[in-house]
Protein chains: 2
Amino acid sequence: MGDKPTLNPRHNKAEVFARLRDAHAREVTEDYVEMISDLIHEEGEARSVALAERFGVTAATVNNTIKRLERDGYVTSRPYRSIFLTEKGETLAKKCRDRHQIVYNFLVSIGVDPDTAEFDAEGIEHHVSEETLRVFAAVSRADDAL
Amino acid sequence: MGDKPTLNPRHNKAEVFARLRDAHAREVTEDYVEMISDLIHEEGEARSVALAERFGVTAATVNNTIKRLERDGYVTSRPYRSIFLTEKGETLAKKCRDRHQIVYNFLVSIGVDPDTAEFDAEGIEHHVSEETLRVFAAVSRADDAL
DNA sequence: AAAGCAATTTAGCCTTGACTAACTTTGAAA
DNA sequence: TTTCAAAGTTAGTCAAGGCTAAATTGCTTT
Ligand SMILES: [Mn+2]
Ligand SMILES: [Mn+2]
Ligand SMILES: [Mn+2]
Ligand SMILES: [Mn+2]
């Protein structure tokens with residue numbers, strides 16, 4: 001009557017894909033708060049036009065996304081003014097920046113070309129669990145100590 | 001008059017994000033052809049109901065996706081019958097299966113728990129360039145040779 | 001052969017994330 | 001202080017990828 005005991009417990013692929021869809025739903029948010037934070041540090045403020053240029057999308061697309069981020073509590077903004085991170089946004093931005101850096105450093109440390117690492121890290125970062133991130137960081141440290 | 005020589009050539013982040021959006025556009029297709037191929041090998045045929053169960057989505061969603069794959073030349077199907085890969089579909093499936101395996105093996109080889117590796121590989125695989133994949137494979141081989 | 005259940009399809013809806021085109025606002029230069 | 005280009009907004013469109021509910025088909029079992 002109970003579940004059959006299984007040696008390999010996940011023939012339950014559905015969980016894996018559910019988690020994947022969750023990660024996808026967060027990607028744009030994560031890249032935006034990270035970029036907004038970068039702009040504030042590098043240029044003093046985050047303007048729509050700079051986001052559009054850096055992401056390679058139109059101003060209208062940035063506008064839509066910022067409205068969503070505002071709705072979800074990550075940023076504040078007033079018409080025709082620059083964009084600010086909320087506490088929640090800052091917290092996420094820091095987490096994402098750190099994670100991004102760890103992934104990038106890891107790739108370079110195992111021998112990936114820095115240019116390629118920059119491309120790949122932008123996607124990989126959103127699919128790295130806490131555990132894998134810790135392993136990446138440890139490997140980077142070990143490789144640095146050459 | 002020429003481009004200014006730059007030490008760090010990519011303050012051109014837009015390229016990175018354009019490539020990222022491309023990768024996203026291919027993800028579902030890649031996971032579907034891989035899964036269809038798995039089902040054909042494991043169960044003799046690929047039925048909608050099995051795809052829905054493994055991905056954790058509804059039958060209607062599978063139907064939409066299969067129509068898109070058919071439109072794009074990856075599968076053939078007839079109403080109420082099972083799904084077949086075209087040559088193009090088979091080729092992509094093989095590439096994706098191999099890549100998936102390399103990413104998974106790599107994660108495990110550097111010390112990530114197999115369970116976690118299974119989750120993370122499902123996302124990471126779509127964002128790994130040819131170059132990074134070669135490095136992953138090389139690292140796995142080196143770690144195996146312990 | 002008919003019934004009924006499981007599988008599949010269809011129709012209609014939603015959100016995200018992209019676009020173009022047209023309009024409004026801001027702010028710097030004239 | 002006027003003007004006008006750049007920045008930002010709004011409106012409308014589209015495809016992908018999800019969903020539910022309802023209709024249809026195929027298959028198995030009586
Ligand atoms: Mn990032
Ligand atoms: Mn990213
Ligand atoms: Mn895969
Ligand atoms: Mn995948």
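Sequence lines set the chain letters: A, B, ... in the order given, protein chains first and strands last, and positions in each chain run from 1. Atom set for the values below is all heavy atoms of this structure, side chains included, hydrogens, waters and symmetry mates excluded.
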Can you give me the N/O atom pairs linking the protein to nucleotides 23-26 of chain D at distances under 3.5 Å, or say none if there are none?
| unit_1 | atom_1 | unit_2 | atom_2 | d |
| --- | --- | --- | --- | --- |
| dT24(D) | O2 | Y80(B) | OH | 3.3 |
| dT25(D) | O4' | Y80(B) | OH | 3.3 |

OP1 or OP2 of dT10(D) under 4.0 Å from side-chain N/O of K67(A) = yes
F17(A) CZ to dG18(D) P: how many Å, rounded?
-> 11 Å
What is the distance from CG of L69(A) to P of dT15(C), rounded to the nearest Å?
-> 17 Å
Does a side-chain N-to-carboxylate-O contact under 4.0 Å join E43(A) and R54(A)?
-> yes
Is it the case that D120(A) and T132(B) place a side-chain donor and acceptor less than 3.5 Å from each other?
-> yes
Do the charged groups of K13(B) and E53(A) touch, with an N to O distance under 4.0 Å?
-> no
Distance, rounded to the nearest Å, where L51(B) contributes CG and dA7(C) contributes C1' = 13 Å
Roughly how many Å is it from CG in L20(A) to P in dA16(D), rounded to a whole number?
-> 18 Å
If you measure from the Lys or Arg side-chain nitrogens to the Asp or Glu carboxylate oxygens, is any gap between R97(B) and D38(B) under 4.0 Å?
-> yes
Atom CG of D22(A) to atom P of dG18(D): distance rounded to whole Å?
-> 12 Å
Hey, can you tell me if F17(A) and F55(B) have their rings parallel, tilted or perpendicular (30° and 60° cut-offs)?
-> perpendicular
Steps toward side chain to side chain donor-acceptor pair (under 3.5 Å) verdict (E27(A), H24(B)) = CA-CA 10 Å; E27(A) 290 200 20; H24(B) 280 152; 2.6 Å; yes
Say whether S77(B) and E70(B), considering side chains only, have a donor N or O and an acceptor N or O under 3.5 Å apart.
-> yes
Which atoms form the tightest heavy-atom contact between C96(A) and E125(A), and what is the distance?
-> O-OE1, 4.0 Å
Mind telling me whether F106(A) and F136(A) have parallel, tilted or perpendicular rings, with 30° and 60° as the class edges?
-> parallel
What pairs of nitrogen or oxygen atoms, one from the protein and one from nucleotides 16-19 of chain C, lie under 3.5 Å apart?
| unit_1 | atom_1 | unit_2 | atom_2 | d |
| --- | --- | --- | --- | --- |
| dT16(C) | OP1 | R71(A) | NH2 | 3.0 |
| dT16(C) | OP2 | R71(A) | NH1 | 3.3 |
| dG17(C) | OP2 | R68(A) | NE | 3.3 |
| dG17(C) | OP2 | R68(A) | NH1 | 2.1 |
| dG17(C) | OP2 | R68(A) | NH2 | 2.2 |
| dC19(C) | OP2 | T58(A) | N | 3.0 |
| dC19(C) | OP2 | T58(A) | OG1 | 3.1 |
| dC19(C) | OP2 | T61(A) | OG1 | 2.7 |

Separation of N63(A) atom CG from dA22(C) atom C1', in whole Å?
-> 14 Å
E53(A) has an atom CD; how far is it from atom P of dA7(D), in whole Å?
-> 11 Å
